[in-house]
> 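Below: one structure in C-alpha cells.
First the proteins, then the strands, lettered A, B, ... as listed; each starts at 1. Computed over heavy atoms, backbone and side chain alike; hydrogens, waters and symmetry mates excluded.
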Protein chains: 2
Amino acid sequence: MSPRSPAKPQPNPQQNHLLAALSPDVQSRLFPHLELVHLPLRALMYESGTSMSHVYFPTDSIVSLQYVMENGASTAILVVGNEGLLGITLFMGGESTPSRSVVQSAGYAYRLPRPQVKEEFNRHGQLLLLMLRYTQALITQVAQTAVCNRHHSIDQQLCRWLLLSMDRLSHNHLTMTQEFIGHMLGVRREGVTQAALKLQQLGVISYSRGLIKVIDRDQLEHLSCECYEVVKKETAILLTYLPQRQLIKNPEDIPVVVLKTQ
Amino acid sequence: MSPRSPAKPQPNPQQNHLLAALSPDVQSRLFPHLELVHLPLRALMYESGTSMSHVYFPTDSIVSLQYVMENGASTAILVVGNEGLLGITLFMGGESTPSRSVVQSAGYAYRLPRPQVKEEFNRHGQLLLLMLRYTQALITQVAQTAVCNRHHSIDQQLCRWLLLSMDRLSHNHLTMTQEFIGHMLGVRREGVTQAALKLQQLGVISYSRGLIKVIDRDQLEHLSCECYEVVKKETAILLTYLPQRQLIKNPEDIPVVVLKTQ
DNA sequence: TGACTTATGTGCGCTAGCACACCGAGCCAG
DNA sequence: CTGGCTCGGTGTGCTAGCGCACATAAGTCA
C-alpha cells in the first residue's frame with residue numbers, strides 16, 4: 001500500500017471499468033483526486049470491523065474479500081479487480097463490515113479519499129447509479145459463492161477461482177500458492193493439491209512453487225461449475241445495460257423516466 | 001398472493017421495521033399507496049429472471065431467497081421478514097436477479113408499486129439511505145451464509161435457520177416440513193431428520209408433521225454456529241445506527257455533514 | 001372404515017473432504 | 001555449500017453427508 005507510483009506502471013484510470021464508464025464531466029471532477037497506489041501481494045487492505053478511508057479502483061491488482069470465522073477458518077466471498085471497486089461500505093452507510101480484504105494479486109489501484117466519494121455520491125448522478133448496479137452484481141457474486149460452497153467439488157471451485165482471477169488480469173499466469181488458494185476457497189491445502197494435480201495432468205494448467213500458468217482456458221471453463229458463468233453474465237448485464245449515453249446528467253431527470261411502468 | 005385482506009389481520013404498516021423507521025412525512029407520502037396482501041405458504045413471489053412489479057414489506061410473513069442450480073439443487077441465501085423488504089433489485093438498477101423468492105411462512109405483507117418506489121427513491125432522502133443500509137445488511141447475511149455453508153454442520157445450520165425464522169415471527173412455532181428445510185439449507189431431507197432428532201432429544205424443540213415448536217431458545221442459540229449472531233448484530237447496528245432524528249429531510253444536506261472526515 | 005397421501009425414521013454402501021504425518025525438491029542466506 | 005525454510009506430493013485413517021431403498025406413522029378423504 002505504498003503511496004505513489006514507484007517505477008512506472010500503467011498510469012491510467014481508464015483501465016478500471018467503473019471509472020471508464022463515467023462521463024467526461026464526472027471524470028474531470030473525480031480524476032484530480034485519484035491517487036495511484038501499489039498493492040503488494042497479501043497486503044491487508046481492510047481488517048474486519050475497521051473503517052475505510054478510501055475507495056480503491058484496481059487496474060491490474062486483484063483483491064479478495066474474506067469472512068473469517070471464530071476458529072480462524074476463512075472463505076473468500078468475492079473478488080474485486082479492474083471491473084469494480086473496493087469499499088462499498090463507504091457509501092452504503094454502514095461504516096464497517098465483518099469482512100477482511102486481502103490483496104490476492106499484486107498490482108496497482110487508484111484510490112479516492114472518502115470525502116470526495118461522499119460528495120460525488122451525494123450529487124445523485126452517474127456515480128450513484130453505477131455504484132448501485134455494481135453493488136447488485138456483488139450480491140450476485142456473493143450469493144453464487146454461497147451456493148457453490150454447498151454444491152460443488154473442490155475441483156470445480158478451483159476452476160471457478162482461476163477463471164475469476166484470470167478475467168481480472170491481462171496475462172495468463174497467477175502468483176499464488178496452493179496454500180493461499182486453500183484459504184480463499186475455505187478448504188485444505190491438500191484438497192487444492194489434488195485438484196491442481198488433476199488439472200495439470202489434463203494439460204489445463206501448469207504450476208510450480210506459487211506460479212500457476214493457464215494453458216487451456218476453454219478446458220478450464222468446461223471443468224468449472226456454472227457459477228463462474230452466472231456471475232460473469234450477471235455482472236456484464238448490470239454494467240453494460242446502463243451505457244454512458246443513457247445516463248442522466250441532471251439529477252432531476254433520473255427517476256421515473258427510465259422505467260417501463262409495467 | 002391474493003390481494004386485499006380477507007379476514008382481519010394486523011393491518012398495520014408499522015409492524016415492518018423499515019416502514020416504521022421512516023419519518024412521518026415520508027410515511028404520509030408512501031402509506032396511501034401501500035396494499036395489504038396475504039402471502040400463502042410456498043407461494044412463489046418472484047421467479048429467477050423475471051421482473052418485479054412491487055416491493056414487499058412483510059409484517060408477519062417470511063420470504064426466503066434461493067439460488068437454483070442447473071441440476072435443480074437449491075440453497076436459500078437469505079431470509080426476509082418484518083425487519084426488511086423484498087425486491088431490492090427494483091431500486092438497485094438491475095431489473096432482475098438469478099434468484100427465486102419463496103414464502104417460507106405464510107402471513108401478510110404490504111406492497112408498494114414500482115412507480116411509487118422509484119419516485120420516492122429518487123427524492124434521495126430517507127428511503128434511499130434506509131435502503132442502502134438494509135442492502136448492506138443483506139450482503140452480510142448472504143456472505144455469512146456462504147461461509148456457513150462451507151464450515152458448519154447441518155446441526156448448526158438447522159439451529160441458525162430456526163433462529164432466523166423465529167426472530168421474524170411473534171410466536172414460537174414454525175410451519176415447515178423437514179423436506180422444505182432441506183431445500184432451504186441445500187441438504188438432504190434425511191440430514192435434516194437426523195439433526196432435528198438430536199434437537200428433540202435434547203428437549204430444544206418438538207415437532208410433528210410440519211409443525212416445529214421451539215422449547216428452549218437459549219439452548220438453540222448455544223447449539224447454533226456464530227453465523228446467526230453475526231448477522232443479527234450487523235443488521236441491528238446498520239439499522240439503529242441511523243435513527244430517525246439524524247436523517248436529513250432536505251436532499252441538499254445529506255452528504256458530507258454526516259461523516260467524520262477521518 | 002379402509003385406501004391413499006404425506007411426513008418422518010432408519011439402514012447401507014459410497015465418496016469427498018478432513019486431520020495428521022511425513023517426505024522431497026527448490027530456494028535462499030549465511 | 002549447507003542448513004533452514006517454503007512449497008508441493010502422498011498415504012492412512014476417519015467422519016459428514018449423499019443416494020437409495022424401505023419402514024412406519026399420522027392425517028385425509030372417499
> Give the nucleotide from the list D:dG9, C:dT10, D:dC7 with an atom nearest to the side chain of A:Tyr207.
D:dG9
> Could you tell me the separation between the CD atom of A:Glu179 and the C1' atom of D:dG9, rounded to a whole number of Å?
14 Å
> Between A:Asn149 (side chain only) and B:Ala146 (backbone N and O only), is there a donor and an acceptor less than 3.5 Å apart?
yes
> In whole Å, I'd like the distance from the CD1 atom of B:Ile181 to the P atom of C:dG9.
12 Å
> Rounding to a whole Å, what distance do you find between B:Leu199:CG and C:dG9:P?
12 Å
> Just the rounded figure in Å: distance from P of D:dA16 to NE2 of B:His151.
17 Å
> Do nucleotides 15-26 of chain C as a string where each nucleotide becomes B, S or -: B if the base has a protein heavy atom under 4.0 Å, S if just the sugar-phosphate does, - if no protein is that close.
--SBBBB---BB
> In whole angstrom, give the distance that lies between atom CD of A:Gln200 and atom P of D:dG9.
7 Å
> Whether the B:Gln104 and B:Arg168 side chains hold a donor-acceptor pair (N or O, under 3.5 Å, no angle test) is what I'd like checked.
no
> Rounded to the nearest 0.5 Å, what separation is found between the CG atom of A:Leu19 and the CG atom of A:Leu34?
6.0 Å
> Provide, to the nearest angstrom, the distance between the CD atom belonging to A:Gln201 and the P atom belonging to D:dG8.
16 Å
> What is the distance from CE of B:Met69 to C1' of D:dC18, rounded to the nearest Å?
16 Å
> So, do A:Ile62 and A:Ser165 sit near enough that their side-chain heavy atoms are less than 4.5 Å apart?
yes
> Rounded to the nearest 0.5 Å, what's the gap from CG on B:Asn16 to CG on B:Leu85? Could you check?
7.5 Å
> Report yes if at least one side-chain N or O of B:Gln194 is closer than 4.0 Å to OP1 or OP2 of C:dT8; otherwise report no.
no
> I'd like to check B:Val147 versus B:Cys227 (side-chain heavy atoms, cut-off strictly below 4.5 Å). Are they in contact?
no
> Determine whether B:Val102 and B:Leu44 make a side-chain contact, defined as any pair of heavy atoms from C-beta on separated by less than 4.5 Å.
yes
> If the helix axis at each end comes from five base pairs, how far does the helix from C:dT1-D:dA30 to C:dG30-D:dC1 deviate from straight, to 10°?
30°
> What class does the angle between the rings of A:His54 and A:Tyr56 fall in, given that below 30° is parallel, 30 to 60° is tilted and above 60° is perpendicular?
tilted
> Starting from P on C:dA7, measure out to CD1 on B:Ile212 and report it in whole angstrom.
12 Å
> Got a second to check how far A:Leu185's CG is from A:Thr75's OG1, nearest 0.5 Å?
8.0 Å
